[in-house]
Amino acid sequence: MARAITYKFKGQPRQIPFSYDKYHDIYEAVAAAEGIDLTQFLKMEQQVAMTAKRTAAIKDFRQKEFIRFGFTEIFLHKDDKDI
């Protein structure tokens with residue numbers, strides 16, 4: 001099954017192929033496509049995970065940080081019909 005990610009980076013629509021063999025999640029894939037180093041982000045996300053009382057805090061942190069990086073409307077398409 002072909003998968004693709006559509007997203008906007010700093011207002012510009014983009015589309016990239018996606019595979020779980022290559023990337024852990026869609027956020028990692030879009031960051032790699034735009035050349036963004038996630039080292040510090042992943043460390044902070046790990047700290048949030050250790051201190052958060054609920055998993056929604058991790059998701060909220062991830063979404064807010066990626067908006068700060070310039071990403072919006074990140075969506076995984078499971079096949080070509082969704083695109």
Side-chain angles (χ1 to χ4, degrees):
M1 177 181 340
R3 294 181 184 180
I5 299 172
T6 57
Y7 63 97
K8 287 186 178 180
F9 182 66
K10 297 185 179 179
Q12 299 294 320
R14 312 274 171 100
Q15 180 177 343
I16 59 171
F18 177 74
S19 170
Y20 281 110
D21 293 341
K22 191 170 183 182
Y23 300 106
H24 182 258
D25 60 21
I26 62 175
Y27 294 99
E28 185 181 313
V30 296
E34 299 300 333
I36 295 174
D37 181 18
L38 292 180
T39 306
Q40 294 294 0
F41 167 79
L42 293 172
K43 287 178 184 177
M44 188 62 164
E45 185 180 50
Q46 190 176 37
Q47 290 177 0
V48 169
M50 290 188 318
T51 59
K53 294 184 180 184
R54 45 189 190 103
T55 57
I58 301 165
K59 183 177 178 181
D60 185 55
F61 171 75
R62 184 180 298 137
Q63 288 175 341
K64 285 182 180 178
E65 283 298 299
F66 271 79
I67 289 170
R68 190 177 65 80
F69 290 149
F71 293 97
T72 56
E73 300 178 28
I74 301 171
F75 186 74
L76 175 65
H77 300 276
K78 297 197 187 232
D79 58 28
D80 293 333
K81 294 176 187 176
D82 286 348
I83 302 173

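Along the sequence shown, residues carry numbers from 1.
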For residues 18-26, dump all side-chain donor-acceptor pairs below 3.5 Å to protein atoms at least two apart in sequence or in another chain.
unit_1, atom_1, unit_2, atom_2, d
S19, OG, D21, N, 3.1
D25, OD1, Y27, N, 3.2
D25, OD1, E28, N, 2.8

Let me have the donor-acceptor pairs involving side chains of residues 56-63, under 3.5 Å, with sequence neighbours excluded, atom names and distances please.
unit_1, atom_1, unit_2, atom_2, d
D60, OD2, K64, NZ, 3.4
R62, NE, E45, OE2, 2.8
R62, NH2, E45, OE2, 2.7

*Rounded to the nearest 0.5 Å, what separation is found between the CD1 atom of I16 and the CZ atom of R3?*
13.5 Å
_Membership question, hydrophobic clusters at under 4.5 Å side-chain separation (ILVMFWY): are I5 and I67 in the same one?_
no
Under 3.5 Å, sequence neighbours excluded: what are the donor-acceptor pairs made by side chains of residues 32-41?
unit_1, atom_1, unit_2, atom_2, d
E34, OE1, R14, NH1, 2.9
E34, OE2, Y7, OH, 2.6
E34, OE2, R14, NH1, 2.7
D37, OD1, T39, N, 3.2
D37, OD1, T39, OG1, 2.7
D37, OD2, T39, OG1, 3.4

_Residue pair P13 / K8: nearest heavy atoms and the distance that separates them_ = CA-CG, 4.0 Å
